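Before any comments, here is the structure.
Worth saying up front: this structure is predicted, and the values here are computed from it rather than measured.
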Amino acid sequence: MKNIKLWVHQRGANEDELIINPNDFPDVSIGDILEIYHAEETNRLLLQVKSLKTESQQKEIVSIDQSVASIFKLRQYKEVIVNKVKEADVELDLVELLFKDQYVSRRDMWRLKKRMVSNREIEIVGN
């Protein structure tokens with residue numbers, strides 16, 4: 001458990017949702033999952049580390065994509081608690097999707113299923 005200052009970045013500036021300095025987290029490697037939250041909040045954000053870059057990141061700072069930070073009510077420049085968690089402790093066994101008042105073709109459903117199974121991730125486009 002580590003207290004770190006939170007920064008927020010625009011998605012265009014960097015493709016990663018999470019930017020950390022590997023010098024601050026020597027035990028974290030690519031693929032690990034980090035839990036990020038404010039001490040006084042109950043909302044907890046889980047993000048997977050997709051890259052480790054040392055060149056532009058300052059010390060004792062973690063940066064999160066602006067849209068993700070706003071959804072989880074993470075406030076910029078405030079301290080957050082960062083924990084490394086085991087994937088087995090937070091992995092999903094079941095995901096149920098409900099499409100209301102939206103046409104989804106069989107082809108779209110097949111592509112969605114294929115992407116979720118093969119990549120274990122999904123990108124949502126639209127409202």
Side-chain angles (χ1 to χ4, degrees):
M1 183 162 82
K2 197 169 196 173
N3 287 342
I4 301 250
K5 217 168 256 257
L6 176 69
W7 277 11
V8 174
H9 64 269
Q10 296 286 334
R11 191 67 178 259
N14 193 313
E15 290 299 317
D16 295 332
E17 294 172 335
L18 172 68
I19 303 171
I20 62 169
N21 187 335
N23 298 328
D24 294 335
F25 299 92
D27 61 332
V28 172
S29 58
I30 293 175
D32 287 344
I33 298 175
L34 297 181
E35 176 185 45
I36 302 166
Y37 60 98
H38 290 295
E40 65 277 359
E41 294 288 330
T42 57
N43 292 336
R44 294 175 183 229
L45 171 63
L46 297 171
L47 288 175
Q48 187 173 32
V49 177
K50 295 185 179 176
S51 67
L52 296 169
K53 300 173 185 167
T54 57
E55 57 271 355
S56 64
Q57 188 68 3
Q58 294 185 7
K59 288 184 155 249
E60 300 292 319
I61 298 257
V62 63
S63 183
I64 298 175
D65 176 68
Q66 182 180 17
S67 61
V68 174
S70 66
I71 290 170
F72 284 87
K73 297 178 177 67
L74 294 171
R75 295 176 304 280
Q76 188 167 334
Y77 307 122
K78 300 285 184 181
E79 282 203 356
V80 291
I81 297 172
V82 180
N83 294 321
K84 180 179 169 183
V85 295
K86 296 178 188 169
E87 185 175 348
D89 292 342
V90 295
E91 101 183 331
L92 296 173
D93 294 324
L94 173 70
V95 175
E96 185 174 329
L97 302 174
L98 174 66
F99 298 95
K100 185 175 180 179
D101 298 330
Q102 180 70 40
Y103 173 74
V104 181
S105 69
R106 293 179 88 182
R107 183 181 74 189
D108 292 338
M109 288 300 289
W110 179 81
R111 286 181 180 167
L112 177 63
K113 177 184 173 196
K114 185 176 177 184
R115 182 168 174 118
M116 287 178 70
V117 170
S118 65
N119 295 341
R120 297 173 70 186
E121 67 180 53
I122 189 167
E123 184 174 319
I124 299 172
V125 179
N127 293 332

### Query
What closest approach, in Å, do H38 and R75 show between heavy atoms, and which atom pair accounts for it?
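Closest approach of H38 to R75, heavy atoms only: NE2-N, 2.8 Å.
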### Message
Give me the atom names and distance for the closest heavy-atom approach of K84 to L34.
### Response
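Between these two residues, the closest heavy atoms are CA-CD2, 3.8 Å.
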Would you say [Y] ends up clustered with [X] if hydrophobic residues are merged whenever their side chains have heavy atoms under 4.5 Å apart, either directly or through other cluster members?
| X | Y | answer |
| --- | --- | --- |
| V62 | V68 | yes |
| L112 | V104 | yes |
| L46 | V49 | no |
| V90 | I64 | no |

#### Entry: For R44, all residues meeting salt bridge (charged side-chain N to carboxylate O under 4.0 Å, His left out), sequence neighbours excluded
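Result, salt bridge (charged side-chain N to carboxylate O under 4.0 Å, His left out) vs R44: E35.
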### Query
In this structure, are over 12 heavy atoms from other groups packed under 6.0 Å from F99 atom CZ?
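Yes - once you tally the heavy atoms of other residues, nucleotides and ligands closer than 6.0 Å, there are more than 12.
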In Å and rounded to the nearest 0.5 Å, what is the [atom1] to [atom2] distance from [X] to [Y]?
| X | Y | atom1 | atom2 | value |
| --- | --- | --- | --- | --- |
| L6 | K78 | CG | NZ | 11.0 Å |
| I33 | D89 | CD1 | CG | 9.5 Å |
| I19 | L47 | CD1 | CG | 11.5 Å |
| N21 | S63 | CG | OG | 12.0 Å |
| K73 | L45 | NZ | CG | 12.5 Å |

#### Entry: Residues which pass side chain to side chain contact (heavy atoms under 4.5 Å, CB included) with Q76, listed by chain and number, not counting sequence neighbours
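With sequence neighbours excluded, Q76 shows a side chain to side chain contact (heavy atoms under 4.5 Å, CB included) to V8, given in chain and number order.
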Are side-chain heavy atoms of [X] and [Y] found at a separation under 4.5 Å?
| X | Y | answer |
| --- | --- | --- |
| N3 | I81 | yes |
| L18 | I36 | yes |
| L52 | I30 | yes |

#### Entry: H9, Q10, E17 screened by side-chain hydrogen bond (donor to acceptor under 3.5 Å, both in side chains) with Q66, the one that passes
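For Q66, the side-chain hydrogen bond (donor to acceptor under 3.5 Å, both in side chains) test succeeds with only one of H9, Q10, E17, which is Q10.
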### Query
Run the side chain to side chain contact (heavy atoms under 4.5 Å, CB included) check on F25 and I4 step by step: do they pass?
CA-CA 11 Å; F25 299 92; I4 301 250; 3.7 Å; yes
### Flag, side chain of N83 to backbone of V85, donor-acceptor distance under 3.5 Å
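The answer is no, because no donor-acceptor pair under 3.5 Å joins these two groups.
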### Test item: K2 side-chain N/O and D24 main-chain N/O as donor-acceptor pair under 3.5 Å
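Checked: pair present.
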